[in-house]
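What's counted below: heavy atoms across the whole structure, side chains too, no hydrogens, waters or symmetry copies.
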Amino acid sequence: MRLCAALLLVPLLVLGCLPPAAQAGVPAKYDPADGYHEYIRWNALAAKAASERYPGAELVDFLYIGCTCESPSSRQYLFKYWMRRDGREFGVYVTVEGPDGAGAPRAGAAEKADARIASFPRWERRAADAVREKYPGAEIVGRKPYGCRWLGAAAARQTFRYWIRQDGRSRLLRVEVDYALGTRRPTAARVVPSREF
């Protein structure tokens, strides 16, 4: 009985030793509205669609490719899953239609992937060129897709988050690439410094 009571008191003692900010609640590890983390909402739905399309295949890994906006009320989130079945490994693209506002999300067709979808590398290259132009000689340490936005009937925006290192300093940048909806070709790119450390 004493052991049970002691085990119940330990969490309370530990909680009492934490600073007030920690007692109030740990801040969220991600902000669901920050653009990059929106994909977390749709990952389970996309993984389920890939598993249903290829039953018996094991999900080995996944990559969030990015999102596109075809209208002001919806976004398409693109995932690439690496799967293994019968000793063979292959990639599968899954698109999730994530509505803004009311409506249920739905997964699109899961298709085998032999190459990357053309638009995203084009936007990534344009973003990297804009970073190199603004910060010549900087090392690009990392980059991630960071969201998308519908700009009007003929244009949308893909946003990336870049981490660069130059002259012993690191910088986080937001890079916005505007593109034409009809052709998916980039039309403009902007580099916006976010933070330096």
Test item: Trp163 and Lys144 side chains (from C-beta on) under 4.5 Å apart, heavy atoms: no
Point-to-point distance, once rounded to the nearest 0.5 Å, from CD of Glu58 to CE of Met83: 9.0 Å
Co-membership, hydrophobic cluster, residues Tyr54 and Val94, 4.5 Å side-chain: yes
Distance-minimising heavy-atom pair for Gly152 and Leu181: O-CD1, 3.9 Å
Straight-line distance of Arg157 CZ to Leu151 CG, nearest 0.5 Å: 5.0 Å
Validation row: Thr68, Trp123 side chains within 4.5 angstrom (heavy atoms): yes
Single-linkage hydrophobic cluster, 4.5 Å side-chain cutoff, Ile140 and Val175 together: yes
Side chain to side chain donor-acceptor pair (under 3.5 Å) contacts touching residues 179-189 (sequence neighbours left out): Glu70-Arg184
Connected via hydrophobic side-chain network under 4.5 Å: Val92 and Leu45: yes
Side chain to side chain, Arg149 and Thr159, heavy atoms closer than 4.5 Å: no
Side-chain (Tyr162) to main-chain (Ala128) donor-acceptor, under 3.5 angstrom: yes
Arg161 to Tyr146, cation-pi by 6.0 Å centre distance and 45° axis angle: yes
Val177 and Glu124, any side-chain heavy atoms less than 4.5 Å apart: no
Cys67/Cys148 sulfur atoms closer than 2.5 Å: yes
Enumerate donor-acceptor pairs with a distance under 3.5 Å from any side-chain N or O in residues 190-197 to protein atoms, sequence neighbours excluded.
unit_1: Arg190; atom_1: NE; unit_2: Glu176; atom_2: OE1; d: 3.2
unit_1: Arg190; atom_1: NH2; unit_2: Asp178; atom_2: OD1; d: 3.1
unit_1: Arg190; atom_1: NH2; unit_2: Asp178; atom_2: OD2; d: 2.9
unit_1: Glu196; atom_1: OE1; unit_2: Arg171; atom_2: NE; d: 3.4
unit_1: Glu196; atom_1: OE2; unit_2: Arg169; atom_2: NE; d: 3.0
unit_1: Glu196; atom_1: OE2; unit_2: Arg169; atom_2: NH2; d: 3.4

Euclidean distance, Ile164 CD1 relative to Arg132 CZ, rounded to 0.5 Å: 11.0 Å
Shared hydrophobic cluster for Val141 and Val131 (ILVMFWY, side-chain gaps under 4.5 Å): no
Derivation and outcome, salt bridge (Lys or Arg N to Asp or Glu O under 4.0 Å), residues Arg126 and Asp129: CA-CA 5 Å; Arg126 183 64 182 100; Asp129 290 346; 5.5 Å; no
Sidechain-backbone polar pair: Arg85 side chain, Phe90 backbone, donor-acceptor under 3.5 Å: no
Aromatic centroids of Phe79 and Tyr64 separated by under 6.0 Å: yes
Nearest heavy atoms of Gln166 and Gly137, plus distance in Å: NE2-C, 4.1 Å
Student check: side-chain heavy atoms of Tyr135 and Leu173 closer than 4.5 Å: yes
Any side-chain donor near an acceptor of the partner, Tyr81 and Asn43, under 3.5 Å: yes
